[in-house]
Amino acid sequence: METSPLKIYRKLLKHFGKQKWWPAKTKFEVIVGAILTQRTNWINVEKSIERLKEAKKLSIISLATEEKSYIEDLIHSSGFYKQKTERLVLISRYILEKYEGDLHLFFKKSLKEIRKELLSLKGIGPETADSVILYSAEKLILPIDAYTLRVFMRIRGNVGNYNQMQRYLMDELPKEIGVYKEFHAIIVKLGKVYCKKKPRCHLCPLESTCKKGD
DNA sequence: ACCCAGGTGGCCC
DNA sequence: GGGCCACATGGG
């Protein structure tokens, strides 16, 4: 029975194949998706992103200046649409005002600085910040989501809080952006397919290591 | 009619 | 530090 994160990662890779995250065309689209998907099914997020694109509002300048009620309408399908509109507008205005609307300028800063600035924005918590840093800024940090905590809880028992889980996994995994990107994506894939409330452990690739139940 | 989804902030102790 | 709640839609 092997429970090391790297072994688990390899097993999941073999089972599911590469996920090739993040599904977005631009760095800014990653940020928008990261905010919209907070506690929300990705299908609903895709609809919002499509609507933003059709309306030609998927840009820093548009989201920073557009009427909020209009953005609320465009992202309606993602739920929590008032909060999320606030969050999209806030980060868009931040990048516009502090970095001339140029994400590359923002991402030239150090990982620590970027993380600190993202976390200072209301509505950007650790997972959203780390997702933006990994998939948009493409720097070395591993986002921890509910699935990650659940999966490792089932395999190892108590896993601690966000920071402890993150430290543990980043310490165990090869320090490569590509690995981190795939690892996070494939854990989400596992969570979507198998680790629902009713575990289907007999089909799960981690069956032998899973303690079953939470 | 429930339950959940690629969280976060506010409040409480 | 952790526990609980509001935030809201759409699919199973």
Side-chain angles (χ1 to χ4, degrees), chain A residues 8-9 12 16 18-24 27-52 68-92 94 115-138 141-154 157-169 177 179-200 203 213-214:
Chain A
I8 286 166
Y9 171 59
L12 292 177
F16 292 116
K18 288 208 170 192
Q19 305 300 300
K20 298 172 182 172
W21 268 25
W22 187 289
K27 289 181 180 297
F28 185 62
E29 188 179 329
V30 174
I31 296 176
V32 171
I35 289 170
L36 292 182
T37 198
Q38 291 171 344
R39 197 64 197 178
T40 299
N41 194 311
W42 183 254
I43 300 291
N44 289 358
V45 175
E46 279 184 322
K47 292 174 190 165
S48 299
I49 299 216
E50 263 321 295
R51 291 244 290 153
L52 285 167
K68 285 183 183 172
S69 58
Y70 183 37
I71 302 172
E72 287 174 4
D73 173 53
L74 292 174
I75 69 165
H76 186 262
S77 67
S78 293
F80 306 133
Y81 53 85
K82 287 185 181 173
Q83 291 191 69
K84 286 174 178 175
T85 294
E86 286 296 328
R87 293 168 186 185
L88 290 176
V89 169
L90 184 63
I91 193 168
S92 298
Y94 183 82
R115 191 167 198 269
K116 199 171 97 184
E117 290 182 29
L118 288 172
L119 288 177
S120 77
L121 300 173
K122 192 169 166 186
I124 309 286
E127 192 195 332
T128 307
D130 291 341
S131 295
V132 168
I133 294 169
L134 180 62
Y135 294 104
S136 185
E138 301 189 276
I141 200 157
L142 185 70
I144 305 299
D145 64 351
Y147 290 130
T148 314
L149 291 169
R150 196 185 310 165
V151 168
F152 281 91
M153 176 67 80
R154 285 183 179 166
N158 189 18
V159 292
N161 61 23
Y162 188 100
N163 291 323
Q164 293 163 330
M165 185 84 250
Q166 185 178 53
R167 239 191 326 269
Y168 166 68
L169 290 178
I177 291 172
V179 171
Y180 282 18
K181 282 183 174 178
E182 273 302 318
F183 183 86
H184 178 61
I186 216 158
I187 290 285
V188 171
K189 175 73 173 180
L190 173 73
K192 280 181 177 170
V193 179
Y194 294 117
C195 285
K196 303 272 185 182
K197 193 163 189 184
K198 293 179 181 173
R200 283 178 276 167
L203 293 173
D214 295 321

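Letters A, B, ... are given to chains in the order of the sequence lines, protein chains preceding strands, and every chain is numbered from 1. What you see is a predicted model, and the numbers here were worked out from it, not measured in a lab.
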Using a 4.5 Å cut-off on heavy atoms from C-beta on, say whether the side chain of A/Thr85 contacts that of A/Ile75. yes
Partners of A/Lys189 by salt bridge (Lys or Arg N to Asp or Glu O under 4.0 Å), sequence neighbours excluded? none
Please report the distance separating the P of B/dG10 from the corresponding atom of C/dA8, rounded so that it comes out in whole Å. 15 Å
The correct set of residues in residues 29-37 of chain A placing a heavy atom under 4.0 Å from DNA chain B is A/Thr37
A/Ile91 atom CD1 is separated from B/dT8 atom C1', nearest whole Å, by 14 Å
Using the test side chain to side chain donor-acceptor pair (under 3.5 Å), find all partners of A/Asp145 that sit at least two apart in sequence or belong to another chain. A/Thr148
Which letters describe nucleotides 7-12 of chain C, given B = protein heavy atom under 4.0 Å from base, S = only from sugar-phosphate, - = neither? BBBSS-
Hey, could you give me the CD1/CD1 distance between A/Ile31 and A/Ile124, rounded to the nearest 0.5 Å? 8.0 Å
Among all residues two or more places apart in sequence or in another chain, which pass the ring pair (Phe, Tyr, Trp, His ring centres under 6.0 Å) test with A/Tyr81? A/His76
For the residue pair A/Lys84 / A/Ser48, report whether a side-chain donor-acceptor contact shorter than 3.5 Å exists. no
Residues in side chain to side chain donor-acceptor pair (under 3.5 Å) contact with A/Gln19, at least two apart in sequence or another chain: none
At a heavy-atom distance below 4.0 Å, what parts of residues 120-129 of chain A sit against DNA chain C? none
For A/Asp130, run the side-chain contact (heavy atoms from CB on, under 4.5 Å) check against A/Leu134, A/Ile133, A/Thr128, A/Val132 and tell me which one passes. A/Ile133
With salt bridge (Lys or Arg N to Asp or Glu O under 4.0 Å) as the rule and sequence neighbours excluded, what pairs involving residues 69-80 of chain A come up? A/Arg51-A/Asp73
Tell me, which of residues 160-168 of chain A have any heavy atom that sits under 4.0 Å from an atom in DNA chain C? A/Asn161
Non-neighbouring partners of A/Lys82 that pass side chain to side chain donor-acceptor pair (under 3.5 Å), sequence neighbours left out: none
Atom CG of A/Leu90 and atom C1' of B/dG9 are separated, to the nearest Å, by 13 Å
Holding to side chain to side chain donor-acceptor pair (under 3.5 Å), I want the full list of residues that pass it with A/Tyr9, two or more places apart in sequence or in another chain. none
Rounded distance (Å) that lies between atom C1' of B/dA5 and atom CD of A/Glu46: 13 Å
Applied to residues 116-126 of chain A, the side chain to side chain donor-acceptor pair (under 3.5 Å) test, sequence neighbours excluded, yields A/Tyr94-A/Glu117, A/Tyr99-A/Glu117, A/Lys109-A/Glu117
Atom CG of A/Leu88 and atom NZ of A/Lys68: how far apart are they, to the nearest 0.5 Å? 11.0 Å
